[in-house]
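Working notes for the structure below.
Here the structure is a predicted model, which means the values were calculated and not measured. Residue indices begin at 1 and follow the sequence shown.
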Amino acid sequence: KLPGHSFFLDNEITLMLDQVRRVEDEPYYLDVTGSRIGYKVMDTICFDATYGYRTIFAYLKEADNGNLNNETETLSNVLAMPVSCGQFSYANISPSRILGVSGTLEAMGQFEKDVLTNYGINNFIYIPSVYGKSNFDFDKAGEGIYIEPNKSDFFQKISSEIKAVTKQK
């Protein structure tokens with residue numbers, strides 16, 4: 001049916017043979033009511049995430065175990081060849097504009113800036129955060145590590161710690 005494309009089918013069969021043994025590599029969650037398979041993404045279960053043939057084989061496994069409510073309809077929706085149509089590096093597409101957000105842009109050293117320049121990124125615009133100062137606390141588990149926002153506060157913290165320790169003795 002696909003003359004001259006046997007390499008394509010051979011590649012897909014090789015992927016299937018590899019992934020059928022790795023169905024359990026990424027733990028999946030079965031929604032029995034909806035007959036859907038999902039994967040943990042951040043702090044939730046995402047039923048749109050897929051791991052190629054591993055997800056398809058997970059559906060077949062659950063069908064064999066009798067865990068799919070509407071087995072015929074579910075399998076007809078998921079049994080397919082998820083064909084990769086290509087890959088490319090975003091770094092090599094040379095767009096006229098690159099828009100992005102990076103909280104580390106101001107902290108970049110010259111080496112990092114030179115790397116970006118190699119990819120044609122020469123102009124940087126710094127816009128203040130609309131979210132305000134970061135509320136990140138490094139050492140919530142206990143005392144001992146302090147990160148101060150500037151040198152003055154750093155030296156003040158050292159001084160106050162020395163005073164606190166010497167008063168105890």
Apply the hydrophobic cluster definition, ILVMFWY joined by side-chain contacts under 4.5 Å directly or through others, and give me every member besides [X].
{"X": "Phe154", "value": "Phe155, Ile158, Ile162"}
{"X": "Leu17", "value": "Ile13"}
{"X": "Phe47", "value": "Tyr29, Ile45"}

Not counting sequence neighbours, which residues clear side-chain contact (heavy atoms from CB on, under 4.5 Å) with [X]? List them please.
{"X": "Val20", "answer": "Phe57"}
{"X": "Thr50", "answer": "Thr55"}
{"X": "Asn150", "answer": "Ser152, Asp153"}
{"X": "Glu12", "answer": "Phe8, Leu15, Tyr53, Met81"}

Worksheet item: Pick from Leu30, Ile37, Val78, Leu60: which one makes a side-chain contact (heavy atoms from CB on, under 4.5 Å) with Leu68?
Response: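 When Leu30, Ile37, Val78, Leu60 are each tested with Leu68, the side-chain contact (heavy atoms from CB on, under 4.5 Å) holds only for Leu30.
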Fill in: Between CG on residue Leu75 and OG on residue Ser35, distance to nearest 0.5 Å
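Here the interatomic distance stands at 9.0 Å.
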Discussion item. Nearest 0.5 Å, please: how far is CG in Asn77 from CZ in Arg36?
Written reply: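 Answer for the CZ-CG pair, Arg36 versus Asn77, is 13.0 Å.
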Discussion item. If you compare all heavy atoms of Ala80 against all heavy atoms of Ile56, which two are closest, and at what distance to 0.1 Å?
Written reply: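 Nearest pair, atom of Ala80 first, then Ile56: O-CD1, 3.0 Å.
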Worksheet entry | Minimal non-hydrogen separation, Ala49 against Cys46, with atom names |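 Of all heavy-atom pairs spanning Ala49 and Cys46, the closest is N-SG, 3.5 Å.
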Worksheet entry | Qualifying residues under salt bridge (charged side-chain N to carboxylate O under 4.0 Å, His left out), relative to Lys61, sequence neighbours excluded |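 Residues passing salt bridge (charged side-chain N to carboxylate O under 4.0 Å, His left out) with Lys61: Glu24.
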Discussion item. Could you walk me through whether Lys113 and Ile121 satisfy the side chain to side chain contact (heavy atoms under 4.5 Å, CB included) test, starting with their C-alpha distance in whole Å, then the side-chain angles of each, then the deciding distance to 0.1 Å, before giving a yes or no?
Written reply: CA-CA 9 Å; Lys113 289 180 183 176; Ile121 302 171; over 6 Å; no
Worksheet entry | Pairs meeting criterion salt bridge (charged side-chain N to carboxylate O under 4.0 Å, His left out) with involvement of residues 62-88, two or more places apart |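 Residue pairs with at least one partner in residues 62-88: there are none.
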Fill in: Pairing residues for Arg54 by the side chain to side chain donor-acceptor pair (under 3.5 Å) criterion, not counting sequence neighbours
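For Arg54 there are no side chain to side chain donor-acceptor pair (under 3.5 Å) partners, ignoring immediate neighbours.
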Discussion item. Once side chain to side chain donor-acceptor pair (under 3.5 Å) is applied, do any residues pair with Asn69, and if so which ones, sequence neighbours excluded?
Written reply: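 Listed in chain order: nothing, the list is empty.
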Practice prompt. State whether the number of non-hydrogen atoms from other residues, nucleotides or ligands found under 6.0 Å of Asn118 atom CG is greater than 12.
Written response: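 It does: Asn118 CG has more than 12 such atoms within range.
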Fill in: Those residues that, when tested against Tyr51, pass ring pair (Phe, Tyr, Trp, His ring centres under 6.0 Å) (two or more places apart)
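Per chain and number, Tyr51 pairs via ring pair (Phe, Tyr, Trp, His ring centres under 6.0 Å) with Tyr39.
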